[in-house]
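A short worksheet on the structure shown next.
Residues take their numbers from the sequence shown, with the count starting at 1.
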Amino acid sequence: MRLKQVSLAAAISVVAGLTTATVGLTGPLARADGANALPLSHYAHMVVDGAHQHLFFSQGAGTTGIVVTDLSGNPVGTVDSEQGADGLALSADGGTLYAALSDGDAIAVIDTATLTETGRVDTGTDSAPVSVAMAGGKVWYSYTEADGKGTVGSLDPADLTPTAQPAMPHWSAAPLLSTGGGVLAVQGAQPYMTLVATYDVSSGTPSPKADMGLGGDATGPVTVTADGTRLLVPQSASVYVYSTADLGDATPHGYYTGGVNSSPDAVAVDSDGTIALGAPAGSGAGAYVYAGDSIAENHFTFPSGAVAPDGLAWGTDGRTLYAVTRADGSYALDVLGDAKLTDTPLTLNAPSPYAIPAQRFTVNGTVGGHGFVPAGATLKVTRDGTELPDATVGADGSFAIADTRQDEGGYSYEVSYAGDATHRPATTSLKVWVSRIGTSVPYPEFSSAAPHKVAFTGTVMTDLSRGPFDQGTAVRVTRTNEDTHESTPLPPAPLDPATGEFAVTDDPGTAGPFTYSLSFEGDTTHQPGGNDISTVISPYAPQLTLKAPASAPRGTALSFNARLDDGPYGSGETVTVTRTDAAHTTTPVTWKAPVAADGTITVKDTPSTGGANTYTVDYAGDGGHQAATASATVQVSRATTSLSVAADASTYAYGATATVTARLGTTYNGRTVSLWATPAGGGKTLVKTGTVDSKGNLRATYKLTRNTTFTASFAGDYRYAPATATRAVSGQVKVAQALSGYYTSTTYSGTTYRVYHRTTRPTVTTTVSPDKSGQCVKFQAQRLYSGAWHTLNTSACFTLGSKSAVSSRLSLSNAVSQRFRVRSEYVRSSKDTTNVSTWGGWQYLTVRT
């Protein structure tokens, strides 16, 4: 690059200086939306001159003047002949404005007091400088070298000597510059990449810090924060933050500007670190103000248009933000005088659950927004215009207003905050309704629901369980009999002040449907409440007990007690007493007995009939008691009579018929006797029932097959007790015998004999009925001589087989022409309890040659 010095005198001679003639305005151009129109054909950059209360606006390539306005945007004039003025930079003392003249290939030096160009530094033919910045006592500017590459040069303000910076790399075009805290950021660009290099220029000589590409196109110029530590890079959705030391991610990582495609293209950083961002697109278009962290303090929208690229600048007063907006090709200035002040959202919340008369309640509130009002700040509080004690803001932004109102109604509370260095004043109000607590009386819990004792406990419930109740408060109680519609006031039921519980006891005196009306009249803090409790009182189911004796003498006065529980009982109540005895089975004897108040009953009688006398006491019930009944049996004494039973034999052959006679002694009105037979191993069987004859006898017959016990029974009568008598008889078995092996028969003196050859041994077969298998049979043989029968032998036991039969052969010696007989005996063992031992009949035989 070829640099040449231009003399100050020459520079002055070619600068037209400040003029208002070209503006053609006599006053500010006001817009309906409150913004001042700017006389710009294009817009490039804005600089705030706080010392002279001016704003400088460059218009970029193709223009020739720098527009000057006051701090409200009212035109002051134009610095003419500033060909293609683009980037602007103000000296640290505010006395000099440096302008990069992209069409003039120079850096213009302008006196901000006189608004005249005082010097111009040539940057070389076709160098087209576009950006200028102040740092390290130097003016840094970007331009294009002869080879078409962009680079950075510096200028010493003292002698306006330009210096090339050979250490600087080359960019595809003249880069954009930003400085802060002695750091210079150089922004180049290529498709889909933001190229950034940072330098420490605090000494006036650049020292490289970092140089790298940051993903994505930048949508506006990068900006170094005032302390030089962070680099703000606007991209499609947010402004991202990087460390100037290594271009790594910084904290916070980014600032939100309205979401996807908001395309932020304006960044302004104030000396206190406050950041303003401009986004022209999306639902969040406008300006955002951040106090250093990632939550926006404020968001401004501009009806005059969208923020122009690089169209934000902070004033030197530490509070004002200037915004250049564009709409339909025209430009305007919006002056945000309190851009750093956040709104102070004040909220008041009604007391929870609500405010109650005579009870202290609290109206809670919060001071919202980002950046809490300082803890300990005071808020002015009034109620219906009456001042209340100030409220103090807590560390979390909350505050509370405590108050007490004696009367129901609506009360208006107003809270005001006077504002502070970062918050605007604010006022809010809330109408608080003070009302008594709603009450209800749920269905109570009954512990008793009887005619003479109704007892229940209830609770006066309050909304959200709020209390307590005034001492001495009670629930009024009225009982209504739904059958008679009679209403009876009951004593008031006192409330437990802490719990609202109450207890009711009552004696309605009868059963039936009732309604208990419960009424709470309310107190200072509670609304009235009540409930009608419908219930059915069931009558008592009394227990009736009798204390009758087990026995009593006939014809003698008898007295015993009965008792009904669940008393008391009314005067004149009675029970029905019934006596049933042998003489009165179908027509019992009946009489009434009084019931005492405590339920005691006395039963009196003189029983005339012996035997079981059953007394039944019946209570019919009343309005409060169900019916009840109980019975007791008294055995009334009777005389003893004689009763015997006899049989015509003590032992009977198998199948023989026994004649049994029962004899009954003296009785009163009963002469019936029953005869029963109980065979061994069998059941009892009625043989005969009948009236005894004039001699007191009753006879019956019975066929025996086994041992049998006969029983005579007399059931008793009105005056004589029952009697029984028994007689046991024995029953024989049936012994059937047969001879076999004979060849003919003969008769001697009318008796049949079986005739055997002398060589034949007679066989005797014995069968016993009933079945006696396993029992014993003996055989006996006799011979007739000297006119008499003589026993020859009696055998040992032979066991009856499975068919209750057994056979035996006879051995006869010297038997020819002799007469013999043989028989068998069933011998009962201890195992046989049904029959006795029995001899069979004789079998006769003789022997011939």
Residue pair [X] / [Y]: nearest heavy atoms and the distance that separates them:
X: Ala85; Y: Ile66; result: CB-CG1, 3.7 Å
X: Pro234; Y: Gly220; result: CG-O, 3.4 Å
X: Ala339; Y: Asn298; result: O-ND2, 2.9 Å
X: Pro129; Y: Thr123; result: CD-OG1, 3.5 Å
X: Ser236; Y: Pro264; result: O-CD, 3.9 Å
X: Met46; Y: Leu333; result: SD-CD1, 4.3 Å

Checklist line | Qualifying side-chain hydrogen bond (donor to acceptor under 3.5 Å, both in side chains) pairs, either residue in residues 204-223, two or more places apart | finding: none
Checklist line | side chain to side chain donor-acceptor pair (under 3.5 Å) against Ser91, all qualifying residues, sequence neighbours excluded | finding: Asp93
Hey, are the side chains of [X] and [Y] touching, using non-hydrogen atoms and a 4.5 Å cut-off?
X: Asp390; Y: Phe399; answer: no
X: Arg120; Y: Ile107; answer: no
X: Pro175; Y: Gln187; answer: no
X: Glu117; Y: Ser81; answer: no
X: Arg230; Y: Pro252; answer: yes
X: Thr69; Y: Leu38; answer: yes
X: Leu71; Y: Leu55; answer: yes
X: Leu277; Y: Tyr290; answer: yes

Please check: side-chain N/O of [X] versus main-chain N/O of [Y], any donor-acceptor pairing under 3.5 Å?
X: Tyr255; Y: Ile275; value: no
X: Thr179; Y: Met134; value: yes
X: Arg326; Y: Ala308; value: no
X: Ser243; Y: Ala250; value: no
X: Lys340; Y: Gly318; value: yes
X: Trp140; Y: Ala135; value: yes
X: Lys138; Y: Gly204; value: yes
X: Asp420; Y: His423; value: yes
X: Thr78; Y: Asp80; value: no
X: Asp105; Y: Ser127; value: yes

Any luck finding a side-chain donor-acceptor pair between [X] and [Y] under 3.5 Å?
X: His54; Y: Asp70; result: no
X: Ser41; Y: Gln59; result: yes
X: Ser416; Y: Thr427; result: yes

Next item on the list: Begin from the C-alpha positions of Ile401 and Leu348 and carry the test side chain to side chain contact (heavy atoms under 4.5 Å, CB included) through to its verdict.
Entry: CA-CA 10 Å; Ile401 303 166; Leu348 288 175; 4.3 Å; yes
Next item on the list: Step by step, work out the side-chain hydrogen bond (donor to acceptor under 3.5 Å, both in side chains) result for Thr64 and Glu82.
Entry: CA-CA 5 Å; Thr64 59; Glu82 303 297 333; over 6 Å; no
Next item on the list: Flag the pair Phe300 / Phe302 as yes when their ring centroid distance falls below 6.0 Å, and as no otherwise.
Entry: no
Notebook entry, point to check: Should we say atom NE2 of His42 is surrounded by more than 12 heavy atoms from elsewhere, each under 6.0 Å from it?
Noted result: no
Checklist line | Derivation and outcome, side chain to side chain contact (heavy atoms under 4.5 Å, CB included), residues Thr163 and Asp156 | finding: CA-CA 8 Å; Thr163 303; Asp156 188 343; over 6 Å; no
Look up atom [atom1] in [X] and atom [atom2] in [Y], then write down how far apart they are to the nearest 0.5 Å.
X: Leu312; Y: Leu336; atom1: CG; atom2: CG; result: 8.5 Å
X: Met212; Y: Thr194; atom1: CE; atom2: OG1; result: 11.0 Å
X: Thr428; Y: Tyr413; atom1: OG1; atom2: OH; result: 14.5 Å
X: Ser102; Y: Tyr143; atom1: OG; atom2: OH; result: 16.0 Å
X: Glu145; Y: Thr151; atom1: CD; atom2: OG1; result: 5.0 Å
X: Asp265; Y: Asp310; atom1: CG; atom2: CG; result: 8.5 Å

Note to self: Quick one, Thr225 with Asp227, criterion side-chain hydrogen bond (donor to acceptor under 3.5 Å, both in side chains). Give me CA distance, side-chain angles, the key distance, then yes/no.
What the structure shows: CA-CA 5 Å; Thr225 58; Asp227 60 4; 2.6 Å; yes
Notebook entry, point to check: Thr198 and Thr244: side-chain hydrogen bond (donor to acceptor under 3.5 Å, both in side chains), yes or no, with the steps?
Noted result: CA-CA 6 Å; Thr198 57; Thr244 57; 5.8 Å; no
Checklist line | Residue pair Leu177, Val152: steps toward the side chain to side chain contact (heavy atoms under 4.5 Å, CB included) verdict | finding: CA-CA 9 Å; Leu177 306 180; Val152 176; 3.9 Å; yes
Check: What do the steps show when you test Tyr242 against Tyr240 for ring pair (Phe, Tyr, Trp, His ring centres under 6.0 Å), and what is the final call?
Finding: CA-CA 7 Å; Tyr242 300 90; Tyr240 296 96; 7.1 Å; no
Item checked: Result of checking Phe56, Phe57, Tyr98 against Leu88 for side-chain contact (heavy atoms from CB on, under 4.5 Å) -> Phe56
Next item on the list: Go through the structure and list residues passing salt bridge (Lys or Arg N to Asp or Glu O under 4.0 Å) with Asp111, not counting sequence neighbours.
Entry: none
Next item on the list: Any chance you could lay out the side chain to side chain contact (heavy atoms under 4.5 Å, CB included) test for Leu184 and Met168, step after step, and finish with the verdict?
Entry: CA-CA 12 Å; Leu184 170 67; Met168 290 288 187; 4.0 Å; yes
